[in-house]
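FYI, side chains are in, hydrogens and waters are out, and symmetry mates aren't considered; it's all heavy atoms of this structure.
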Amino acid sequence: VSLEGAVWGSQFSNYIYGDLTGRTCDDDGNCVPGDANELKELNYAQRDANFWGMEAKASAPLYQFGAGSLAVEMLADYVRATFGNGFGNVPRIQPFRVGGGLSWTSPSIDAGFLILGVGDQNQIGAFETPTSGYIDVSAHASWRPFSDRPGFWVELVGHNLADEVERDAIALNKDVVVMPGRDIRIVLHQSL
């Protein structure tokens with residue numbers, strides 16, 4: 001069994017961040033209160049900030065068959081960030097994530113999947129909007145057909161296989177632009 005974990009904290013004096021003003025602007029730089037225009041006005045500011053978080057990763061073998069092995073993998077992480085002196089939340093912080101999956105490794109075939117739950121982000125900065133969480137399912141399978149050419153393999157990779165609507169909590173345009181939907185690719189690798 002392999003375990004990795006950390007609990008950490010950091011205090012920043014004069015942390016630099018992009019501060020939304022609650023105004024929007026047009027292409028000519030004319031800004032008005034509210035969301036009448038497309039571009040959000042952002043000013044950079046400095047303020048004392050406190051960050052803390054934790055992260056963990058674990059893997060354990062489940063089954064050994066010849067030269068191949070099946071393992072379970074789990075991961076989780078969380079970050080909390082606030083301004084000093086009670087000034088509220090630091091904007092655009094990634095929400096917690098927790099997930100797990102299985103992986104198979106062997107000399108000719110590797111495969112696995114990961115189910116990752118990304119939490120809601122409701123601890124937001126000024127003029128930000130909350131972000132809904134989602135479940136991301138990804139999988140891969142790779143085949144090395146030639147034992148005398150270990151640097152060549154074919155891989156089938158899939159991301160967001162459940163075709164969830166995923167929004168990135170740290171993106172300024174998250175309310176308009178979603179992350180990619182279901183994506184399946186066949187990739188040829190050749191190491192030189």
Would you check if Leu172 and Leu42 make a side-chain contact, meaning some heavy-atom pair closer than 4.5 Å? yes
Heavy-atom pair with the smallest gap, counting every atom of Arg167 and Val176: NH1-N, 4.1 Å
Output yes when a side-chain donor or acceptor of Asp163 lies under 3.5 Å from a complementary backbone atom of Gly181, and no otherwise. no
Rounded distance [0.5 Å steps], NZ in Lys40 versus CZ in Phe127: 11.5 Å
Looking at every non-hydrogen atom in both residues, tell me the closest pair between Ala58 and Leu3 and how far apart they are. CB-CD2, 3.4 Å
Can you give me the closest heavy-atom contact between Pro91 and Gly18, atom names plus distance? CG-O, 3.6 Å
Look up atom CG in Asn173 and atom CG in Asp168, then write down how far apart they are to the nearest 0.5 Å. 8.5 Å
Here the gap from Ile93 atom CD1 to Ile170 atom CD1, rounded to the nearest 0.5 Å, amounts to 8.5 Å
Do Leu114 and Val72 sit in one hydrophobic cluster, given that two such residues count as connected whenever their side-chain heavy atoms are within less than 4.5 Å of each other, even indirectly? no
Looking only at side-chain N and O atoms, does Glu155 offer a donor or acceptor that is under 3.5 Å from a partner on His140? no
According to a hydrophobic-cluster definition based on side-chain heavy atoms being under 4.5 Å apart (Ile, Leu, Val, Met, Phe, Trp, Tyr only), do Val137 and Tyr134 belong together? no
Can His159 and Ile184 be said to form a side-chain contact (heavy atoms from CB on, under 4.5 Å), step by step? CA-CA 7 Å; His159 296 287; Ile184 300 173; over 6 Å; no
Using side-chain heavy atoms (C-beta onward) and a distance below 4.5 Å, is Gln94 in contact with Val79? no
Using modelled atom types and a 3.5 Å cut-off, is there a donor and acceptor pairing between side-chain atoms of Asp120 and backbone atoms of Ser132? no
Can you tell whether the side chains of Asp77 and Arg97 come within less than 4.0 Å, N to carboxylate O? yes
Ignoring hydrogens and angles, tell me if any N or O in the side chain of Gln64 forms a donor-acceptor pair with the backbone of Gly66 under 3.5 Å. yes
Distance-only polar pair, side chains of Ser59 and Glu73, donor-acceptor under 3.5 Å: no
Which one of Arg80, Glu128, Gln121 satisfies the side chain to side chain donor-acceptor pair (under 3.5 Å) criterion with Asn89? Arg80
Aromatic contact between Phe146 and Trp153, with the criterion being ring centroids under 6.0 Å apart: yes or no? no
With hydrophobic residues grouped by side-chain heavy-atom distances under 4.5 Å, do Leu188 and Leu156 end up in a single group? yes
Give a yes-or-no answer on whether the side chains of Thr129 and Asp175 include a donor-acceptor pair shorter than 3.5 Å. yes
Under 4.5 Å between any side-chain heavy atoms of Tyr15 and Asp48, yes or no? no
Any ion pair linking Asp110 and Arg144 (charged N to carboxylate O, less than 4.0 Å)? yes
Within the supplied structure, the quantity of interest is the number of heavy atoms (other residues, nucleotides, ligands) at a distance under 6.0 Å from Asn43 CG; does it exceed 12? yes
Around atom CD of Gln46, are there more than 12 heavy atoms from other residues, nucleotides or ligands closer than 6.0 Å? yes
Any idea which heavy atoms bring Val187 and His189 closest together, and the distance? CG1-NE2, 3.6 Å
Closest heavy-atom pair and its distance - Ala162, Arg182: C-NH2, 4.0 Å
So does Gln190 get a backbone contact from the side chain of Arg149, meaning a donor-acceptor N/O pair under 3.5 Å? no
Test side-chain contact (heavy atoms from CB on, under 4.5 Å) applied to Thr24 and Val32, step by step: CA-CA 6 Å; Thr24 56; Val32 296; 4.2 Å; yes
What side-chain donor-acceptor pairs closer than 3.5 Å can you find for residues 6-13, not counting sequence neighbours?
none

Given Tyr44, Phe87, Phe83, the one that forms ring pair (Phe, Tyr, Trp, His ring centres under 6.0 Å) with Tyr17: Phe83
In terms of hydrophobic clusters joined by side-chain contacts under 4.5 Å, are Phe113 and Leu70 together? yes
Would you compute the distance between atom CG of Asp35 and atom CZ of Arg23 and round it to the nearest 0.5 angstrom? 14.0 Å
Asp26 side chain vs Asn30 backbone, donor-acceptor pair below 3.5 Å: yes
Same cluster or not: are Val118 and Leu75 linked, directly or through other Ile, Leu, Val, Met, Phe, Trp or Tyr residues, by side-chain heavy atoms under 4.5 angstrom apart? yes
side-chain contact (heavy atoms from CB on, under 4.5 Å), that's the test. Do Asn160 and Met179 meet it? Break it down for me. CA-CA 9 Å; Asn160 192 6; Met179 295 194 298; over 6 Å; no
Nearest 0.5 Å please: distance from the CG atom of Leu161 over to the CD1 atom of Ile135. 13.5 Å
